[in-house]
Amino acid sequence: MRNETLFLLNSVEGPQNYLGRHECGRVEEVSSISFRFYAGIHELKNMASHNTAKYYSEGQDFVVPACMRWYGLPRAETHEFYQANEIMDLARIRNINKINKMAHFSDNWNGTGGSAFSRDAICIFKHIIERLEKQPDIAPTGRNSMLMQYELEDRSLLVFEVTENRAEKVFIPQGDYSMAQMGTYTSDIEQQINESVRNFYGSEEN
Amino acid sequence: MDPKKIDDEEILYRAVRKSDPDGFISGKPTAALFMDNNGVSVDRDGGRTEQDIVSSFRSRFGRRDDYKTSVKISAGECRNVNTFPNPIGNRKNIFHAEIWDSEDEKRIGLFKAIRLAHLCKEV
């Protein structure tokens with residue numbers, strides 16, 4: 001029986017709140033806890049069905065991890081979402097899983113006439129999410145588009161509505177709607193979104 | 001309730017289904033709740049209690065028990081963000097109304113949808 005070790009991290013930049021083996025209060029079987037929800041159930045099911053995977057958690061004050069680093073994974077058992085000793089962006093996995101669910105919505109999925117998503121739209125959404133440097137919160141709309149949202153603690157908001165062939169952008173600084181800035185991207189959409197997000201978080205640091 | 005006119009004080013309710021898993025982000029309604037192709041369907045309060053309105057939503061979603069929650073916003077708040085509450089009604093539901101982007105445009109733009117989400121409250 002092989003053992004692999006997962007460490008749950010709260011920063012994609014590095015293990016800032018990493019808990020060492022001697023600090024963690026307990027070790028749980030992956031299959032016995034709700035952690036699978038955070039990492040994407042189908043990913044850990046694949047692993048848990050073949051191995052005994054153990055992880056370290058914070059115990060009582062568990063925080064949703066932003067990423068997961070996997071040590072000791074046999075090279076032969078890699079997956080599209082992770083490689084041995086690499087950091088897996090859980091937010092990206094969560095968003096891809098949401099889009100996969102959206103792909104199965106039928107007409108009137110929201111009870112108010114919301115339209116089903118076209119195959120092209122779903123492909124575009126996945127393409128963009130996979131190339132974003134920082135993952136947003138996403139939500140399906142009733143008009144074949146996807147809402148992407150970033151928010152700072154100062155109530156600044158950066159929102160995109162992504163359709164098959166364009167992205168609308170709204171930036172609201174510090175909750176002040178009178179200062180809202182709007183734009184539209186019709187080409188190099190993921191690059192333009194990445195640049196907007198860099199500027200958005202860069203303004204927080206300034 | 002005047003079938004042809006919605007007063008500013010009237011409250012408009014929009015149901016959120018369990019099958020709409022991401023209507024809320026961090027516990028707050030998202031703009032996505034107000035982004036449909038042909039205006040946003042709502043129910044006017046029509047002098048009813050909130051309990052009666054929620055009950056009507058629950059019965060509308062039938063046996064599947066797909067009702068999750070509702071959000072509400074006043075017609076005056078809708079007008080304050082330059083959207084158009086339309087007392088459109090229909091044969092099945094006299095309380096039915098729609099929120100449009102303007103009197104001439106059904107599809108609510110992203111910015112106005114964000115503002116509506118900011119103003120609305122969960123029931």
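Since the model is a prediction, treat every value here as computed from it, not as a measurement. A, B, ... follow the sequence lines: proteins, then strands. Residue 1 opens every chain.
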Problem - CD (B:Glu122) with more than 12 external heavy atoms under 6.0 Å - result: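 Enclosed: over 12 neighbouring heavy atoms sit under 6.0 Å from CD of B:Glu122.
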Calculate, to the nearest 0.5 Å, the distance between atoms [atom1] and [atom2] belonging to [X] and [Y] respectively.
X        : Y        : atom1 : atom2 : value
A:Ile172 : B:Ile114 : CD1   : CD1   : 4.5 Å
A:Leu147 : B:Ile25  : CG    : CD1   : 6.0 Å
B:Leu110 : A:Thr141 : CG    : OG1   : 10.0 Å

Practice task
Output the option from A:Ala139, A:Gly113, A:Gly114, A:Ser115 having the highest count of non-hydrogen pairs under 4.5 Å with chain B.
Solution key: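 Answer, by heavy-atom pair count under 4.5 Å with chain B: A:Ala139.
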Handout entry: Side chain / backbone / both / neither for A:Thr112 at chain B, heavy atoms under 4.5 Å
Key =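 Contact with chain B is through both the backbone and side chain of A:Thr112.
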Practice task
Give, as side chain, backbone, both or neither, the part of A:Ile138 having an atom under 4.5 angstrom from any heavy atom of chain B.
Solution key: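 For A:Ile138, backbone heavy atoms alone lie under 4.5 Å from chain B.
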Is there a side-chain contact between [X] and [Y] in this structure, where contact means two heavy atoms from C-beta onward sitting under 4.5 Å apart?
X        : Y        : answer
A:Asn110 : B:Asp36  : yes
A:Glu151 : B:Lys28  : yes
B:Arg17  : A:Trp109 : no

Handout entry: Lys/Arg-Asp/Glu bridge criterion (N-O < 4.0 Å) met for A:Glu168, B:Lys112
Key =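 No, A:Glu168 and B:Lys112 are not salt-bridged.
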